[in-house]
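Each remark here refers to the structure printed beneath this line.
Throughout, a chain's letter reflects where its sequence line sits, starting with A, and its residues are numbered from 1.
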Protein chains: 2
Amino acid sequence: MEQQQISTYLLKNGIRPLQKRVKIMGYLVSKRNHPTVEMIYSDLVHEIKGLSKTTVYNVLNLFVQSGVALALNIEGNEIRYDADTSTHGHFKCRVCSGVIDFRIKQEELPKPMLDGFRIEEHHFYLMGVCSFCCNKIEA
Amino acid sequence: MEQQQISTYLLKNGIRPLQKRVKIMGYLVSKRNHPTVEMIYSDLVHEIKGLSKTTVYNVLNLFVQSGVALALNIEGNEIRYDADTSTHGHFKCRVCSGVIDFRIKQEELPKPMLDGFRIEEHHFYLMGVCSFCCNKIEA
DNA sequence: ATTAATTTTGTAATCATTACAAAATAATAC
DNA sequence: GTATTATTTTGTAATGATTACAAAATTAAT
C-alpha cells in the first residue's frame, strides 16, 4: 500500500495523517508480522530521523482507540499490534515466538450465551509449535 | 473443596501439597474470580502468616507449568489465573473489569487450517460490557 | 509571518514480573 | 530423635514494558 492510500485510510478513521503515523501504519500493513513496540521502534528508528519510542507507544494507542489496529495480548509480557482488523485468529509458536494469522469466518465463532452483554471484541488465540519448528524438532 | 481433596489433586499432578500451595489452590478453586497475583496476595496475606508475593508468583508459575491452572492474558497489563482447566471461554467487562467464564464445547471451537502445527492451548476471549454494567449505564 | 493548537520527545515514574542468595521448612538417613 | 540434605520460601534488587509529564518541535489557522 502506498503512503497516499494510507493517509486516506487514516483520515477516514479520524486520524490526521502525520508523517510518523503514516510510516508506522505503513510498517504494520506491509510487514504483517504482529510486531511489538520494540520491533517497530528498532526497525524504524534508522528510517525515521529522531523517532522516539514514546511516539511509537502514542501512535499505536491512538490506532487502537481509533479502531485501525488491534492490540494482541497473547502472552503477558508483551503487546503485539495488528493492522488487520477483520475477523481472524492468531497462532503463536512457543519455539520461534512467531505469530501467524489464520482465517475464521465470523459465523464460525462460537456464540456463547451471554444475554444482555454487549460484546465489542473477539480474540481467539492458539498456542503450540508451528509446522516449521515441528519439522526442525523431528529432524 | 476440602484441603484433603486439594492435596490429593495436587499430588496427582506431581505437585507436593505444601501448606501454602494448598491454600492458594483452595483460593482459586473456591473464589473462581480469575484473580491477579495482587488479588491473591492481598486476600491471603492476612490468613497465611508471613506470605510473600514472590511465593504467590512461584506457586502460580508451578501450577501453570503442571497444568492445574491457566494463565489468562486478556489484557496486557495483568495476568489472571484460573483453576478451571477445562475448555471454556472468558469475557472481560471494560466497565467493572470483572472476568466471567462461559461454556464452549470443544467441538464448537473453530478448527483452523493449520496443517503440521501442534496446537497445545486454546484461548477465546471476549471483551465488552457485561449485562450488569449495561443496565447501570441505561438507568 | 504570528499565534494557537497539536504532536513529539526524553526523562522519570510506575507497575508487574523475575533473579537470586539467604533463611526457613520439609524429607531422609542414621 | 537428631543430623544431614534437598526443597521451598522470603525479601530485596533487577528487569522490562508502559505511562506521565513538561519542554521542544511541528503543524494548522489567523
Side-chain angles (χ1 to χ4, degrees), chain A residues 3 6-7 10-11 13-27 34-66 68-81 92 97 99, chain B residues 3 6-7 10-11 13-25 27 34-66 68-82 92 97 99:
Chain A
Q3 305 246 324
I6 290 171
S7 295
L10 292 180
L11 255 181
N13 286 276
I15 298 167
R16 292 212 319 214
L18 305 175
Q19 189 206 130
K20 290 172 188 181
R21 293 171 175 178
V22 173
K23 285 266 175 72
I24 291 172
M25 178 55 76
Y27 178 90
H34 312 89
T36 61
V37 163
E38 186 57 42
M39 291 160 74
I40 298 170
Y41 174 74
S42 58
D43 281 356
L44 289 183
V45 70
H46 308 294
E47 185 179 334
I48 307 177
K49 68 155 186 126
L51 177 66
S52 131
K53 201 179 281 189
T54 303
T55 298
V56 180
Y57 277 106
N58 289 341
V59 169
L60 289 170
N61 285 338
L62 175 66
F63 285 176
V64 171
Q65 282 162 28
S66 307
V68 297
L70 299 177
L72 309 181
N73 298 286
I74 306 182
E75 289 187 306
N77 52 336
E78 62 183 17
I79 304 180
R80 286 165 175 265
Y81 293 90
K92 177 165 181 178
S97 301
V99 174
Chain B
Q3 305 245 323
I6 290 171
S7 294
L10 292 180
L11 256 180
N13 286 275
I15 299 167
R16 292 210 322 214
L18 303 176
Q19 189 207 129
K20 290 172 188 182
R21 294 172 175 177
V22 173
K23 284 268 175 70
I24 291 173
M25 179 53 78
Y27 178 89
H34 311 89
T36 61
V37 163
E38 186 56 42
M39 290 161 74
I40 298 170
Y41 174 74
S42 58
D43 281 356
L44 288 182
V45 69
H46 307 294
E47 186 179 334
I48 307 176
K49 68 156 186 123
L51 177 66
S52 132
K53 201 178 281 188
T54 303
T55 299
V56 180
Y57 277 104
N58 289 341
V59 169
L60 289 170
N61 285 339
L62 176 66
F63 284 175
V64 171
Q65 281 162 28
S66 307
V68 297
L70 300 177
L72 310 181
N73 298 286
I74 306 182
E75 288 187 306
N77 54 336
E78 62 182 17
I79 304 179
R80 287 165 174 264
Y81 293 90
D82 190 349
K92 177 164 182 179
S97 301
V99 174

Between [N] atom [atom2] and [X] atom [atom1], what is the distance in whole Å?
X	N	atom1	atom2	result
Glu75(A)	dA17(D)	CD	C1'	15 Å
Ile79(B)	dT18(D)	CD1	P	13 Å
Tyr41(A)	dG10(C)	OH	P	8 Å
Tyr57(B)	dT9(D)	OH	P	16 Å
Leu51(B)	dT25(C)	CG	P	13 Å
Lys49(A)	dT8(C)	NZ	P	13 Å
Ile15(B)	dT8(D)	CD1	C1'	14 Å
Asn61(A)	dA17(D)	CG	P	15 Å

For residues Thr36(A) and Glu78(A), report the shortest heavy-atom separation together with the two atoms involved.
-> CG2-OE1, 3.7 Å
Proximity to the side chain of [X] - top-ranked nucleotide from [options]:
X	options	answer
Val59(A)	dT8(C), dT18(D), dT7(D)	dT8(C)
Thr54(B)	dT18(C), dT9(D), dT27(D)	dT18(C)
Leu18(B)	dA26(C), dT18(D), dG10(C)	dA26(C)
Arg21(B)	dT8(D), dT18(C), dT8(C)	dT8(D)
Val37(A)	dA28(D), dT18(D), dA20(D)	dT18(D)
Arg16(B)	dT8(C), dT9(D), dA27(C)	dA27(C)

State which residues pass side chain to side chain contact (heavy atoms under 4.5 Å, CB included) with Asp43(B); sequence neighbours excluded, sorted by chain then number.
-> Tyr27(B), Lys31(B)
Non-hydrogen side-chain atoms of Leu11(A) and Ile15(A) separated by less than 4.5 Å | no
Salt bridge flag under 4.0 Å for residues Lys53(A) and Glu38(A) | yes
With Tyr81(A) as reference, evaluate Val64(A), Leu72(A), Val56(A) under the side chain to side chain contact (heavy atoms under 4.5 Å, CB included) test and give the passing residue.
-> Val64(A)
How would you label the contact of Lys53(A) with the nucleic acid (heavy atoms, under 4.0 Å): base, sugar-phosphate, or nothing?
-> nothing
Scan Asn77(A) against the nucleic acid and name what it touches under 4.0 Å (heavy atoms): base, sugar-phosphate only, or nothing.
-> sugar-phosphate
Could you pick out which residue, Lys20(B) or Glu78(A), lies toward the 5' side of DNA chain D when each is mapped onto its nearest nucleotide?
-> Lys20(B)
Mapping Gln19(B) and Asn58(B) onto DNA chain C by nearest heavy atom, which one lands closer to the 5' end?
-> Asn58(B)
